[in-house]
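Take a look at the structure below.
All values below come from the heavy atoms of this structure, side chains included, with hydrogens, waters and symmetry mates left out. To find a chain, count down the sequence lines: A is the first, B the second, and so on, and within it residues start at 1.
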Amino acid sequence: MKIYEENNAVVLEGVENFDPKHIFECGQCFRWHRQENGSYTGVAMGKILNVLREDDKVYLNNTNLEEFNNIWFNYFNLGVNYTDIKDTLKKMDEYLDKATDFGWGIRILEQDGWEMLISFIISSNNRIPMIQKAIENLSRNFGDFIGEYEGKDYYSFPTPEQLNKATQEEIRACQTGFRDKYIKSTTEAVVSNNDDVRKYTGLDTNTCIKELTKFNGVGPKVADCIALFGMRKYDTFPVDVWVKRVMQEFYVAEDMSLPKIRTYAIDKFGDLSGFAQQYLFYYARELGIGR
DNA sequence: GTCCAGGACAACA
DNA sequence: TGTTGTCCTGGA
């Protein structure tokens, strides 16, 4: 891969296993929006970025090499060899063989743990467009204005201290629904205990999930998502309705419970469970499998 | 107006 | 220890 800077952009030439649509629409993130030219614009790590792929070139627009090295290289998980991961998964069975071809450009983003904690609390019993709207509202009302890009204003996700200034009513006014009390209580817990959830990356997977489940509004599925997408715990397997459908379609009996599906998958996919989950989720959701 | 999609939690057996 | 009703919102 050749990496160079030109015109306020960083170009990744010959980058493998990288497709914006696959990355931003596999259920792991909520702040990226598709533009008319097929690129995606979003806010992450307090920066506005636009991502466009043209053949074997990926353009990271509105950034420079310094930011790329400090932020985006890790954010896009570029140190991980997805060719190896897919090869291992492909050998496991025909479904993963198909799913890894279908979502060939998926990468698991290294997102901020605190943002994932609140985002996935909002995700519970909620649909993606509504989750996106609530997170945007929270950011506009309680985060920092970062700047304008192509005629739109962008705001950073609020810090624990910023969000803690919001009342439960103000949180609900951001269209969080009944999850307002979960967000309020979790934010209060983080601030009052001076709890840096980013440090949870250093815990082992089971401890990490157990700690996350202590927060109000965080159950098994939400904890798995936070651990996988915000804390680099790749050996876990969040089971949402789509993953349940695809697992029942291809692997397990119709009446298997969610925790048992999870255990089954982790036994089978091991250290690559989180990656398998992403390929299967994207495959199931795009094709409407099991509906 | 009615139904449905989406997990956590409290109350219950 | 597992099961059931409730929570909120927008789109069909």
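Taking atom CD1 of residue I131(A) and atom C1' of nucleotide dC8(C), one finds them 13 Å apart after rounding to whole Å. L117(A) has its CG atom 13 Å from the P atom of dA8(B), to the nearest Å. Nucleotide dG7(B) holds its C1' atom 16 Å from the CG atom of L212(A), rounded to whole Å. Between the P atom of dC8(C) and the CD atom of Q175(A) lies a distance of 14 Å, rounded to the nearest Å. Atom NZ of K221(A) and atom P of dA5(B) are 16 Å apart (whole Å). Computed from coordinates, the R285(A) CZ to dG6(B) P distance equals 8 Å when rounded to whole Å.
Considering only side-chain atoms of M130(A), the nucleotide from dG6(B), dA8(B), dG10(C) that sits closest is dG10(C). Proximity note for F178(A) (side chain, C-beta onward) versus dT9(C), dA8(B), dC8(C): the nearest is dC8(C). The nucleotide whose nearest atom lies closest to any side-chain atom of R179(A) is, among dC8(C), dG10(C), dC9(B), dC8(C).
When only modelled atom types and interatomic distance are considered, Y155(A) and R140(A) share no side-chain donor-acceptor pair under 3.5 Å. Neither side chain, N126(A) nor S123(A), offers a donor N or O lying under 3.5 Å from an acceptor on the other.
Backbone-only contact: F215(A) has heavy atoms under 4.0 Å from sugar-phosphate atoms and none from a base. P220(A) comes within contact range of the sugar-phosphate backbone alone, with a heavy-atom separation under 4.0 Å but no base atom that close. Backbone-only engagement by R245(A) is indicated by non-hydrogen atom pairs under 4.0 Å involving sugar-phosphate atoms exclusively. Among the atoms of the strands shown, only primed sugar atoms or phosphate atoms (P, OP1, OP2) are found under 4.0 Å from some heavy atom of D240(A).
Aromatic ring centres of F275(A) and Y82(A): separated by under 6.0 Å. Proximity of the aromatic rings of Y279(A) and Y95(A) is defined here by a centroid distance below 6.0 angstrom, and this criterion is not met.
Once rounded to the nearest 0.5 Å, the distance linking CH2 of W72(A) with CG of L60(A) reads 8.5 Å.
Residue order along DNA chain B, read from the 5' end via each residue's closest nucleotide, puts R127(A) first among N216(A) and R127(A). Comparing K133(A) and K260(A) along DNA chain C, the residue whose closest nucleotide (by nearest heavy atom) sits nearer the 5' end is K260(A).
Remark: dG2(C) base-pairs with dC12(B). Criterion, Watson-Crick or G-U wobble with two distances under 3.5 Å.
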